[in-house]
Colleague: 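Quick one: this structure, given as structure tokens, is what I'll be asking you about.
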Amino acid sequence: MKTLIPSIKGTRDFYPEDMARRNWLYEKIRQVSLAYGYQEYDGPFLEKIDLYAAKSGEELVKEQAFVFPDRGGDLITLRPELTPSLARMVSQRQGRLVFPLRWWSFGPFWRYERPQKGRTREFFQWNIDLIGPNSPEADAELVAIAAGFFEATGLTPDRVAIRVNNRKLMETQIQSLGIQVAKRQDVFHLIDRRDKMDPQAWEAYARERGLENSQVRGILNLLADSNLWQQSAEMQRFFAALDALGASSYVHFDPAVIRGLDYYTATVFEAYERAAGGRAILGGGRYDNLVSDVGGAPVSAVGFAMGDVMISIVLAELGLLQEGIGSGARVLVTVFDETRLAAAYLLASDLRRAGVNTACYPEAVRLEKQLKYADRMGMRWVLISGPDEEARGLVTVKDLKEHTQIQLGYSDLAQVFRGMLALERAV
RNA sequence: GUGGCUGUAGCUCAAUGGCAGAGCACUUGACUGUGGAUCAAGGGGUUGCGGGUUCAACCCCCGUCAGCCACCCCA
């Protein structure tokens, strides 16, 4: 006990209260995903490194993936993202699957990064994708799902927002400024960095990239134009669909949203906390080369990913994350003394068989201690049976919340508890 | 990978280079069959680890480890 082996850097221990929060988050994600008709799936947690080399950015695989050789010498990767596995799964059954696919997943991922606020090395991520159709309406559906999730967790539009842009729109605009196609990635990168640098440094950086003053000014004008979306028929359809889906209050057009990832091809979006310095909560967009990158026929897809760490921080700061989860049971059977241990276990067992989650104190210690235990574990009812109760065939039922206690006949207990638990759930 | 801050009781934190403390929690009792409240007593520490300076180090210096935060990056 003297030398504790520390946990791996960037991992988290999930104590029961943490696990309760994680499950709560999972449940919200699940409800929203199912509401839109999405099916849950998952891929392996381990993949060959080649799967990522085919598609992901270099940084992700070379710098940030956990990679190790297996006993046969193959390089194995703890999955840093799900999309390549998804691409393979779709590709393998491309002829058999019924499109459009609506798939979602929530599972662990690993990235070898320096931990900081909102970032760990082991985290959970919600992935959700609509695969097959290539339409602005499909894009709107994914954004509406993100908005629906926020709504379900109590995050109102004044706290979080989703900004949307379209890379094709931006490409057209950039071209009309007389910037060659070859510099497109540079310009995207430039736009992405706009609010991370001070204006002068940004302009100097732009000129280093070979942009003329007029072009830099042109880009700045684009970024200031909140009506730019009206020049894109796709974006007009997108916002019309979003309106129909009832998600508009969370969403606005923002020409500065580009997303770092190279594989996005059209719509891109990200959700962020409105508070000062609010970081990105989720991000996604349309990517058209999903399956062809792993060797299948081209399929278009739109989707997003949300890590559990940042959203949990945001929810916790606003007091929206479920707190104070106690024992799984609401009922504790106390043990009056050594001679009544078996009787207590029998009582608890009978209640369980009747469908009431029940814990029994496992040793005959002072009643005071058992009551305190129930209280601290968040159990509401305590059953006591000593000589007095036994003589009359009754059991004392103490309600720790209401500070009341009554005596019931042994055979009535199960039914009464089912009623009380149902009543409690209804409240 | 770069930089900053912090490591003291189970927890949150004090302590001019001079006896290592408080609150909460825990144990026991006031109260031999009843939780949260009150009171009293008690148990608890290699001050992250290793070295150095000093008569004397939680305090100063060097190293190291860990945590947090920012940069980088963001699938």
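Computed from a predicted model, the values in this text were never measured in an experiment. So that the names make sense, note that chain A is the first sequence line, chain B the second, and so on, each numbered from 1. Scope of the values below: all heavy atoms of this structure, side chains included, with no hydrogens, waters or symmetry mates.
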Colleague: Within the 4.0 Å heavy-atom criterion, would you say A:Glu389 contacts the bases, only the backbone, or no part of the nucleic acid?
Modeller: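 Base contact.
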Colleague: If I pick the P atom on B:G7 and the same atom on B:U47, what distance separates them, to the nearest angstrom?
Modeller: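 Rounded to whole Å, the distance is 15 Å.
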Colleague: Can you tell me the Watson-Crick or wobble partner of B:C71, both distances under 3.5 angstrom?
Modeller: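 Pairing partner: B:G1.
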Colleague: May I ask you to establish whether A:Arg167 and A:Tyr264 are in a cation-pi arrangement, using a distance under 6.0 Å from NZ or CZ to the six-membered ring centre and at most 45° from the ring axis?
Modeller: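 No, A:Arg167 and A:Tyr264 do not form such a contact.
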Colleague: Check every atom of B:C72, B:G33, B:G35 against the side chain of A:Arg119 and return the nucleotide holding the closest atom.
Modeller: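 Closest nucleotide among those given: B:C72.
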Colleague: P atom, B:C49 versus B:G10: distance in rounded Å?
Modeller: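 That atom pair is separated by 13 Å.
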Colleague: Paired with B:G17 by Watson-Crick or G-U wobble geometry, both distances under 3.5 Å: which nucleotide is it?
Modeller: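 Looking at the geometry, B:G17 pairs with no nucleotide.
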Colleague: Assert yes or no for the condition that the ring centre distance of A:Phe238 to A:Trp229 is strictly below 6.0 Å.
Modeller: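 A:Phe238 vs A:Trp229: aromatic centres not under 6.0 Å.
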Colleague: Ignoring backbone atoms, test whether A:Arg376 places a side-chain nitrogen or oxygen under 4.0 Å from the OP1 or OP2 oxygen of B:C26.
Modeller: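 It does, given that an N or O in the side chain of A:Arg376 lies less than 4.0 Å from OP1 or OP2 of B:C26.
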Colleague: Quick check on ring-ring contact (aromatic ring centres under 6.0 Å, His included): which of A:Phe304, A:Trp126, A:Trp104 does A:Phe149 satisfy it with?
Modeller: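 In the set A:Phe304, A:Trp126, A:Trp104, the residue that makes a ring-ring contact (aromatic ring centres under 6.0 Å, His included) with A:Phe149 is A:Trp126.
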Colleague: Below 4.0 angstrom, N of the basic side chain to O of the carboxylate: do A:Arg259 and A:Asp192 qualify?
Modeller: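 A salt bridge is absent here (no side-chain N lies under 4.0 Å from a carboxylate O).
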Colleague: If I take atom CZ in residue A:Arg12 and atom P in nucleotide B:G67, what distance separates them, rounded to the nearest angstrom?
Modeller: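 Going from CZ in A:Arg12 over to P in B:G67 covers 14 Å.
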Colleague: Which residue lies toward the 5' end of RNA chain B, A:Tyr373 or A:Leu82, if each is placed at its nearest nucleotide?
Modeller: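 Residue closer to the 5' terminus by nearest nucleotide: A:Tyr373.
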Colleague: Report which part of the nucleic acid A:Gln116 touches: base, sugar-phosphate, or nothing (heavy-atom distance under 4.0 Å, all strands).
Modeller: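 Counting heavy atoms under 4.0 Å across all strands, the contact made by A:Gln116 includes a base.
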Colleague: Using the P atoms only, state how far B:G17 lies from B:U6, rounded to an integer number of Å.
Modeller: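 Each nucleotide's P atom is 15 Å from the other's.
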Colleague: Do the side chain of A:Gln405 and the base of B:U34 come within less than 3.5 angstrom through a donor-acceptor pair of N or O atoms?
Modeller: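 In this structure, the two groups form a donor-acceptor pair.
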Colleague: Flag the pair A:Asp337 and A:Arg340 as a salt bridge only when some basic side-chain nitrogen lies within less than 4.0 angstrom of an acidic carboxylate oxygen.
Modeller: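 Here A:Asp337 pairs with A:Arg340 in a salt bridge, since their nearest N and O are under 4.0 Å apart.
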Colleague: Between A:Lys398 and A:Asp375, does any NZ, NE, NH1 or NH2 come within less than 4.0 Å of an OD or OE carboxylate oxygen?
Modeller: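 A:Lys398 and A:Asp375: not salt-bridged.
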Colleague: Check every atom of B:C72, B:G33, B:G35 against the side chain of A:Phe336 and return the nucleotide holding the closest atom.
Modeller: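 Nearest to the side-chain atoms of A:Phe336, counting from C-beta on, is B:G33.
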Colleague: Salt bridge check: are A:Glu273 and A:Arg159 linked by an N-O gap of less than 4.0 Å?
Modeller: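 So A:Glu273 does not pair with A:Arg159 through a salt bridge.
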Colleague: Indicate, with a heavy-atom threshold strictly under 4.0 Å, whether A:Lys398 touches base, sugar-phosphate, or nothing.
Modeller: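 Counting heavy atoms under 4.0 Å across all strands, the contact made by A:Lys398 includes a base.
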Colleague: Quote, to the nearest angstrom, the P distance that separates B:U64 from B:G21.
Modeller: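 It works out to 33 Å between them.
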Colleague: Please name the nucleotide paired to B:U46 by Watson-Crick or G-U wobble geometry with both distances under 3.5 Å, or report none.
Modeller: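 B:U46 is paired with nothing.
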Colleague: Can you tell me, in whole Å, how much space there is between the P of B:U12 and that of B:C69?
Modeller: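 Looking at atom P only, B:U12 and B:C69 are 15 Å apart.
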Colleague: What is the separation between atom CG on A:Asp192 and atom C1' on B:C72, rounded to the nearest whole Å?
Modeller: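 Result: 13 Å.
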Colleague: Rounded off to whole Å, could you give me the CG-to-P distance for the A:Asp399 and B:U34 pair?
Modeller: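 To the nearest whole Å, that distance equals 18 Å.
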Colleague: Could you check how far CD1 of A:Ile191 sits from P of B:C74, rounded to whole Å?
Modeller: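 Going from CD1 in A:Ile191 over to P in B:C74 covers 15 Å.
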Colleague: Counting distance alone, no hydrogens or angles: does the base of B:C73 have a donor or acceptor under 3.5 Å from a partner atom on the side chain of A:Arg193?
Modeller: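 For A:Arg193, whose side chain was compared with the base of B:C73, there is no donor-acceptor pair (under 3.5 Å).
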Colleague: With C1' as the reference atom in both, quote the distance from B:C24 to B:C61 in angstrom, rounded to an integer.
Modeller: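 Their C1' atoms lie roughly 36 Å apart.
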Colleague: Rounded off to whole Å, could you give me the CG-to-P distance for the A:Leu367 and B:U34 pair?
Modeller: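 Going from CG in A:Leu367 over to P in B:U34 covers 7 Å.
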Colleague: For nucleotides B:A57 and B:G43, find the distance between their C1' atoms and express it as a whole number of Å.
Modeller: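 Straight-line distance between the two C1' atoms is 28 Å.
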Colleague: Say you pick atom C1' in B:C19 and the same atom in B:A25; how far apart are they, in whole Å?
Modeller: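 Their C1' atoms lie roughly 27 Å apart.
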Colleague: When you measure from the centre of the six-membered ring of A:Trp202, is the NZ or CZ of A:Arg193 closer than 6.0 Å and no more than 45° off the axis?
Modeller: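 No; the conditions do not both hold, so A:Arg193 does not lie above the ring face of A:Trp202.
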Colleague: If you measure from the Lys or Arg side-chain nitrogens to the Asp or Glu carboxylate oxygens, is any gap between A:Glu40 and A:Arg30 under 4.0 Å?
Modeller: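 Here A:Glu40 does not pair with A:Arg30 in a salt bridge, since their nearest N and O are not under 4.0 Å apart.
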Colleague: Which is more 5' along RNA chain B, the nucleotide nearest A:Gly283 or the one nearest A:Lys9? Just name the residue.
Modeller: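 On the 5' side of the pair lies A:Lys9.
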Colleague: Listing time: all N or O pairs from protein to nucleotides 1-4 of chain B that are below 3.5 Å?
Modeller:
from: B:U2; atom 1: O4; to: A:Arg114; atom 2: NH1; distance (Å): 2.9
from: B:G3; atom 1: O6; to: A:Arg114; atom 2: NH2; distance (Å): 3.4

Colleague: Please enumerate all residues that pass ring-ring contact (aromatic ring centres under 6.0 Å, His included) together with A:Tyr272, with sequence neighbours excluded.
Modeller: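 Expected list: none.
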Colleague: How long is the line joining CZ of A:Phe188 and P of B:C73, in whole Å?
Modeller: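 Taking atom P of B:C73 as the reference, CZ of A:Phe188 is at 18 Å.
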Colleague: What is the base-pairing partner of B:U54, counting Watson-Crick and G-U wobble geometry with both distances under 3.5 Å?
Modeller: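 When the pairing criteria are applied, nothing turns out to pair with B:U54, so the answer is none.
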Colleague: Taking any strand in view, what nucleotide pairs with B:G10 in a Watson-Crick or G-U wobble way, both distances under 3.5 Å?
Modeller: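 Looking at the geometry, B:G10 pairs with B:C24.
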Colleague: From the set B:U34, B:C74, B:G29, return the single nucleotide nearest to any side-chain atom of A:Arg366.
Modeller: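 Within the option list, the nearest is B:G29.
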Colleague: A:Phe109 has an atom CZ; how far is it from atom P of B:C74, in whole Å?
Modeller: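 One finds 18 Å between P of B:C74 and CZ of A:Phe109, rounded.
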Colleague: Please give, in whole Å, the distance from B:C72 P to A:Glu113 CD?
Modeller: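 So the CD-P distance, A:Glu113 to B:C72, works out to 13 Å.
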